[in-house]
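Worksheet: the structure to be examined is printed underneath.
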Amino acid sequence: MPTTASNASTSSFSASLFRRPTALLAAAPRPSWPLASAVTTAARRNLSCQVALATDVSSSSPDAIAEEEAEAAAKIGAKVRVKVPVKVYHVMKAPELDLCGMEGVIKQYVGVWKGKRISANLPFRVEFFISVAGQEKPVKFVAHLREDEFEYLPSSD
């Protein structure tokens with residue numbers, strides 16, 4: 001077991017390894033920001049970190065979210081026509097399919113999930129049917145669209 005004298009010399013030796021000599025400190029230029037003299041070296045060494053304990057994804061009240069869900073629920077089942085050129089590539093029977101002018105039905109609104117607003121870029125899930133040569137039944141597929149990419153058609157009720 002080392003003696004206290006060797007501990008003292010070891011601690012002073014290790015402390016001198018990680019400190020700059022005082023001659024270099026005196027010659028070092030001072031920072032130019034105005035509060036440099038007010039901030040002590042102890043304050044520079046002590047960093048405080050704060051951790052977010054709770055996250056609130058939705059900044060709106062529950063009433064606003066319920067209202068948005070009610071508005072979206074009223075739009076589900078509505079017939080729509082795509083009014084802008086939108087190409088989709090996920091339909092295997094029709095590669096590079098342009099949806100402009102096609103009619104479909106809104107099946108789902110995905111902007112609210114489990115009572116919380118989520119950041120869905122394309123919140124409306126629209127179902128389309130296309131006729132493909134060689135098949136008697138039309139091919140059904142779904143595309144996600146924004147509300148400004150389609151127009152509502154009058155209902156046939």
* **Connected via hydrophobic side-chain network under 4.5 Å: V105 and L122** => no

* At what distance, to the nearest 0.5 angstrom, does NZ of K93 lie from OG of S131? -> 13.5 Å

* Say you draw a straight line from CD of Q108 to CD1 of I76; how long is it, rounded to the nearest 0.5 Å? -> 7.0 Å

* To do: Examine V139 and L97 and state if one hydrophobic cluster contains both, with Ile, Leu, Val, Met, Phe, Trp and Tyr joined whenever side-chain heavy atoms are less than 4.5 Å apart.
  => yes

* Indicate, with yes or no, if the rings of F150 and F124 have centres closer together than 6.0 Å. => yes

* To do: Could you tell me the separation between the NZ atom of K87 and the CD atom of E96, rounded to the nearest 0.5 Å?
  => 4.5 Å

* How close do G111 and P123 get, heavy atom to heavy atom, and via which atoms? -> N-CB, 4.1 Å

* Asked: H90 side chain to V142 main-chain N or O, any donor-acceptor pair under 3.5 Å?
  -> yes

* To do: Consider only side-chain heavy atoms of I, L, V, M, F, W and Y, link residues closer than 4.5 Å, and tell whether L145 and F129 are in one cluster.
  => no

* For the residue pair L99 and V88, establish whether any side-chain heavy-atom pair is separated by less than 4.5 Å. => yes

* Asked: Considering only heavy atoms from C-beta outward, does the side chain of L153 approach that of V80 to under 4.5 Å?
  -> no

* Expected output: side-chain D98 to main-chain V86 donor-acceptor under 3.5 Å -> yes

* Charged N to carboxylate O below 4.0 Å: is that the case for K83 and E151? -> no

* Please step through side chain to side chain contact (heavy atoms under 4.5 Å, CB included) for the pair M102 and I130, ending with a clear verdict. => CA-CA 9 Å; M102 290 185 69; I130 57 168; 3.0 Å; yes

* Structure fact -> Closest heavy-atom pair, C100 versus P85, reported as atoms and distance to 0.1 Å, is CB-CA, 3.8 Å

* Asked: CD of E149 to CD of E147: how many Å apart, nearest 0.5 Å?
  -> 11.0 Å

* If you group Ile, Leu, Val, Met, Phe, Trp and Tyr by side-chain heavy-atom gaps below 4.5 Å, do V82 and Y152 land in one group? -> yes

* Could you pull out the closest heavy-atom pair between A143 and F128, with the gap in Å? => CB-CE1, 4.0 Å

* Donor-acceptor pair, side chain of Q135 and main chain of V132, under 3.5 angstrom -> no

* To do: Let me know which of K75, E71, E68 forms a side chain to side chain donor-acceptor pair (under 3.5 Å) with Y109.
  => E68

